[in-house]
Amino acid sequence: MNNSLFYTNNFRKVDVNSAIEELRRNYAIKYRDQPDVKQINAWRGSISALSQYINDGTWVFMEYGFPIGTERVDFLIARRGHAFIIESKGWNSYVKKNEIVSLGDNQEVVNPCYQIQNYVAKMRNFHSSSSLISFDGFVYMYNTRDGNECKILYNGMEVESELKILPVEVCSEEEINVLENGTFRTSRELIDFISANRENIMENVSRKFLNAGFGLSEEQAIIVEKIMNSLRKGERKKYFISGGMGSGKTLMAINLLFMALSEGYQSLLAYRNNRLINTLRRVFGSTYSSLLCFYSMGFNGHFKGLGEENFDSERLRLQKLLIYDEAQRMTIDVMRKTLSYDKTSVYFFDENQILINDEDGRKIVFKSEAERSGTNFEFISLSGYFRMIDGDKYGRFIDGIFTGNDYGNPGEYDLRLFDDINNMIDNLKHKKENEDTRIALLASYTFSDGRKEKKRVINPEIKWLMDPKTEYPQYWMGLHENPFKYCASIYGSQGFETDYVGLIWGEDLVWRDKWVVQPEKITDTIGGRSSIKSVCKSNPERGKEMLFNRYRILLTRGMKGTSVYFEDADTFDHMNSVLEKSRISVRST
């Protein structure tokens, strides 16, 4: 079992009960849960509706999961050089609401045409099989004839006729292997897409993202549509959307921004991170950079952030939608100020990414403050890891490192550990030269403070990135002349992503038969009494939690893989042992 839960080249003769049992068993292994009755009935209905129309020798992959994300294709049907993605719907009624959502048996679902085009675009643009196989797709509604906005087939004869496009020749072994074991290439990134399309992105926003392979998942699409409906109705409701690293929060935030603008609603997208916002302003270009603002600027910024006392009230007057990304970094004062605005507002947050002790963006605090303000609000949780290869496994593995509950294994994610920094750098250089890939170096906030001393590593010489308006945008957009000469701190990596990351794990968090903090090694004093250094001195357990947060972020910036150099030998030995045990466990199953 790899990408699909069940596959065969003899689908016409498959025993339905045996196929469902294999689907059920593999579903339980992959998702650590049992499929519900509705899912099993859907499998039974779709197999019965489709099997007799598939020729012998045609490969059929059921419940085909994307290596990045939690989405699954109902059927992928392939012969030599060509494949169809099929979404099979057993609804008795279907009504299209708009381009993104519909009603299936009176329940709100993602529009199946949007869904199929999303899957096809992702396979065409990102999957490693696309060099060998061309992809098309259609929706098969076998219990209704409702709907006609895309290629929807309604009976087996139509399916049989459509599949005649497939070649006579069967798939080669290479094609079968790349379909079942292939991964997503991250040759295109969200910031690249926006930069390339910013001049015409407003022309059918959802379609632009969709065709480029950046379509929303069903979960994301339904949430975005809920917020857009609230905006259209003038509800001025507050939405708090929580999600882990790589769950697609920024993709949703940017989609919301441009969708609202395309419908005539003035909107702002706000951050606290000056390195991230300056990079996005450069990506958005002069036309849209004014849509980005700070929600918190502090003393040095004269408290002119969107959530602060000196924000330009005239600028706020015409706004209809306010979006706060990385809202976990809000202080209580900023939170209260933003909640006072009578606007439709969306807060994307992950309380496991809090960096400084005065940041209060946790669900319990948001809920308390929303109730206190008397506003209409709703909490929504996102699931899944969309950014990283095998992100669900890797995410659980990283969590297990810090909780000690269940290490699991990192799956296909390329995690490598080093006790020599030169070996790590050489390995990453080899990847860059041979894979035409994007690399970034990150480092713990130790050894030097990044202000008085610009060097983070003496040999080889690696300097901190410094200027948030020039160096950071160049670095994360892949424009820097030598990515191995510079590194970013936690503040310069939150919100960014790249293909591979090289991480320098310092002596702030070390293993001594348990995780131990070493405040004397920390040079990060940002936040004064709330800084990580101060907290690790006064409250080591709280400091440990915050360091866990930081290393979770640093370990999940790479979409394909992360290489880690440990400055502490005992910590390297421990982590190396954990990783080796996880791999032995995989090999023995």
Side-chain angles (χ1 to χ4, degrees), residues 245 272-273 275 298-300 326 328-332 350-362 398-404 417-419 421 441-458 462-466 487-494 501-557 562 564-576 578:
M245 286 163 283
R272 178 175 179 175
N273 186 335
R275 298 157 182 85
F299 176 80
N300 292 332
E326 298 188 353
Q328 72 275 356
R329 301 201 63 194
M330 286 185 171
T331 63
I332 283 284
D350 176 7
E351 57 190 70
N352 288 325
Q353 292 195 53
I354 288 174
L355 303 182
I356 301 173
N357 208 36
D358 66 353
E359 297 171 353
D360 291 304
R362 294 171 288 132
I398 294 302
D399 285 342
I401 287 171
F402 299 121
T403 63
L417 310 181
F418 297 85
D419 59 357
I421 191 169
L441 298 185
L442 312 178
S444 65
Y445 222 137
T446 56
F447 179 74
S448 64
D449 65 8
R451 287 167 291 184
K452 298 174 184 176
E453 174 58 71
K454 294 183 180 180
K455 293 179 183 178
R456 174 57 180 83
V457 178
I458 300 297
I462 300 174
K463 297 180 180 179
W464 290 112
L465 291 170
M466 299 296 290
C487 65
S489 72
I490 184 64
Y491 303 105
S493 58
Q494 192 174 35
V501 155
L503 169 62
I504 302 166
W505 187 310
E507 296 178 277
D508 46 357
L509 181 68
V510 296
W511 184 262
R512 301 291 186 262
D513 294 324
K514 63 179 182 179
W515 289 113
V516 174
V517 299
Q518 298 193 121
E520 69 279 7
K521 300 290 185 177
I522 300 172
T523 57
D524 181 1
T525 58
I526 294 173
R529 287 179 294 179
S530 295
S531 71
I532 186 69
K533 186 176 184 70
S534 294
V535 175
C536 284
K537 283 182 176 179
S538 62
N539 186 348
E541 286 305 308
R542 173 59 180 156
K544 188 189 300 184
E545 290 176 10
M546 292 171 64
L547 284 171
F548 287 171
N549 287 352
R550 289 172 176 236
Y551 276 106
R552 280 192 185 95
I553 295 167
L554 294 168
L555 287 162
T556 54
R557 299 301 92 186
T562 298
V564 189
Y565 160 63
F566 295 87
E567 292 181 313
D568 179 77
D570 290 343
T571 309
F572 167 77
D573 290 340
H574 167 69
M575 290 289 288
N576 201 42
V578 168

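- Applying the side chain to side chain donor-acceptor pair (under 3.5 Å) test between Ser444 and each of Arg456, Glu567, Arg550 identifies Arg456 as the sole match.
- Listed for the Thr523 side chain is a donor-acceptor partner under 3.5 Å among the backbone atoms of Ser448.
- Within a 6.0 Å radius of NZ in Lys533, other residues, nucleotides and ligands contribute more than 12 heavy atoms.
- Each of Glu359, Met330, Glu326 was scored for a side chain to side chain contact (heavy atoms under 4.5 Å, CB included) with Arg272, with one residue passing: Glu359.
- Counting heavy-atom neighbours within 6.0 Å of Lys544 NZ, excluding the residue itself, gives a total above 12.
- Side-chain contact check for Arg542 and Asn357: at least one donor-acceptor pair (N or O, by modelled atom type) lies under 3.5 Å.
- Under the side chain to side chain donor-acceptor pair (under 3.5 Å) criterion, Asn273 pairs with no residue, sequence neighbours left out.
- At a threshold of 4.5 Å between non-hydrogen side-chain atoms, the residues Arg529 and Asp358 do not count as touching.
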Would you give me the side-chain donor-acceptor pairs under 3.5 Å for residues 501-510, sequence neighbours excluded?
unit_1 : atom_1 : unit_2 : atom_2 : d
Trp505 : NE1    : Leu509 : O      : 2.9
Asp508 : OD1    : Tyr551 : OH     : 2.7
Asp508 : OD2    : Tyr551 : OH     : 3.4

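- Counting only heavy atoms from C-beta outward, the side chains of Phe402 and Asn352 never approach each other to under 4.5 Å.
- Considering only heavy atoms from C-beta on, Asp573 stays 4.5 Å or farther from Trp511 through its side chain.
- Side-chain contact between Ile526 and Tyr491: present, with at least one pair of heavy atoms (C-beta onward) separated by less than 4.5 Å.
- By the 4.5 Å heavy-atom criterion applied to side chains, His574 and Trp515 are counted as neighbours.
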